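The next block holds one structure in the form of structure tokens; read it before the comments.
Nothing here was measured: the structure is a model prediction, and the numbers come from that model.
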Amino acid sequence: MSDSVHILFIALTLLLITILIFRECNMKKNYIEKFGHDKPKSHVVLIGDDILNNIDYVYENDETIEYNLTLEDLEVHNYAKSNSKINDIYKQFVNVHRNGNKVKKEMKKNVYIVISIGRDELLNNNQIKNSIYTKKEKVDIQKLWNVYKESVERIEKELKIKGYKPNIILIGLYLPRDKDYIGYEKIIQKWNTRLSEYSYKNSYGYINTYKLLNKENHFINKLYISEEGSIVIAESISKLVPKK
């Protein structure tokens, strides 16, 4: 009888130890998933113009869109450059691949390409300027739009070839607060409408900066994106990137 009790005691002890070990492992797993810093982050790659790289127009590094995205627990790779043209975005994308060591293989499904381009061509286009000031010439943005679409689709195709899931977010154009740009409102809206419809059709993310950047403090010199504007755009991008 005593042997049976002894065996039962040992069995119960082992069962209890097993339960405690399982509970401890489960708690540790839950803690890591919730609070651990070793969990994979989503990578955000910024491509385009100074809307996404506004370091030249703010006072400190921690006022940029890039910095504010890091506060959203995202890994940020910024290839955007001031004064970039539509044709430049594919070249910037190629640099991402060349520096592929920054984007690990296990992160391929967690990479988001954010593109902001087209403002320079639209706001500094002589045909558009003449149309706005003379009101005699009808503006045709089709050629610019075709180049834009070809560039984005080339990037998407390349993403698929390289084994990346094509998570693309397109940034619309905003209207500067400077009175010299009031005449561009209709052309910017026309561009953004195309961009919105194109994004919906292709399951891209879309951010309408025309509506988001609507306060004086969103701009520096009524033209460039300020610290407050950086926060608005960074938060909008973050909302389109699922948290892990």
Side-chain angles (χ1 to χ4, degrees), residues 40-55 64-66 69-70 72 74-125 141-174 188 190-210 225 233-234 236-242:
K41 290 183 179 182
S42 290
H43 288 232
V44 173
V45 177
L46 306 180
I47 291 175
D49 52 29
D50 52 57
I51 289 180
L52 294 176
N53 191 349
N54 61 329
I55 183 64
T64 63
I65 292 169
E66 179 179 349
L69 280 171
T70 64
E72 301 289 341
L74 298 170
E75 192 76 28
V76 184
H77 312 276
N78 197 349
Y79 296 89
K81 292 183 179 180
S82 183
N83 300 317
S84 292
K85 305 292 192 296
I86 293 173
N87 282 325
D88 293 326
I89 62 174
Y90 182 75
K91 299 173 187 175
Q92 293 174 6
F93 173 74
V94 170
N95 288 332
V96 178
H97 179 62
R98 287 174 179 168
N99 297 317
N101 59 311
K102 291 184 178 180
V103 185
K104 298 178 182 178
K105 290 181 179 179
E106 63 267 25
M107 301 302 295
K108 283 192 173 182
K109 291 184 179 180
N110 298 333
V111 174
Y112 290 78
I113 310 294
V114 183
I115 302 173
S116 170
I117 202 71
R119 186 190 66 183
D120 197 66
E121 281 94 334
L122 285 172
L123 300 191
N124 294 308
N125 184 296
I141 63 171
Q142 189 60 46
K143 288 183 180 179
L144 279 177
W145 179 250
N146 288 342
V147 176
Y148 181 93
K149 282 204 316 176
E150 288 170 7
S151 298
V152 172
E153 287 163 10
R154 190 179 181 189
I155 288 172
E156 180 178 19
K157 182 179 179 181
E158 198 74 18
L159 280 169
K160 291 178 178 178
I161 291 173
K162 303 296 183 187
Y164 289 83
K165 183 178 177 181
N167 299 306
I168 294 176
I169 299 172
L170 303 181
I171 307 288
L173 301 182
Y174 65 84
I188 287 174
K190 186 176 181 180
W191 180 272
N192 284 344
T193 297
R194 290 193 179 203
L195 203 57
S196 176
E197 292 171 352
Y198 179 65
S199 298
Y200 179 78
K201 180 181 178 181
N202 292 280
S203 299
Y204 300 153
Y206 171 66
I207 295 175
N208 189 348
T209 55
Y210 176 84
I225 295 174
I233 293 179
S236 299
I237 293 172
S238 177
K239 288 177 182 177
L240 294 175
V241 180

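Residues forming a salt bridge (charged side-chain N to carboxylate O under 4.0 Å, His left out) with Lys91 (at least two apart in sequence, or on another chain): Asp88. Evaluation of the side chain to side chain contact (heavy atoms under 4.5 Å, CB included) rule for Ser196 yields Tyr206 as partners, not counting sequence neighbours. For Thr193, the side chain to side chain contact (heavy atoms under 4.5 Å, CB included) partners are Glu197, not counting sequence neighbours. Every residue meeting the side chain to side chain donor-acceptor pair (under 3.5 Å) condition with Arg194, not counting sequence neighbours, appears here in chain and number order: Gln142. Under the side chain to side chain contact (heavy atoms under 4.5 Å, CB included) criterion, Lys160 pairs with Glu156, Pro166, not counting sequence neighbours. Partners of Ser84 according to the side chain to side chain donor-acceptor pair (under 3.5 Å) rule, which considers only residues two or more places apart in sequence or in another chain, are Gln92. Remark: Tyr204 pairs with Tyr198 by the ring-ring contact (aromatic ring centres under 6.0 Å, His included) rule, at least two apart or across chains. Remark: Glu66 pairs with no residue by the salt bridge (charged side-chain N to carboxylate O under 4.0 Å, His left out) rule, at least two apart or across chains. Residues that satisfy the side chain to side chain donor-acceptor pair (under 3.5 Å) test with Thr209, not counting sequence neighbours, are absent from this structure. With sequence neighbours left out, the ring-ring contact (aromatic ring centres under 6.0 Å, His included) criterion links Tyr148 to Trp145, Trp191. With sequence neighbours left out, Lys157 forms a side chain to side chain contact (heavy atoms under 4.5 Å, CB included) with Ile161.
If you take NZ on Lys239 and CD1 on Ile169, they are separated by 13.0 Å, rounding to the nearest 0.5 Å.
Using modelled atom types and a 3.5 Å distance limit, the side chains of Asp49 and Ser116 yield a donor-acceptor pair.
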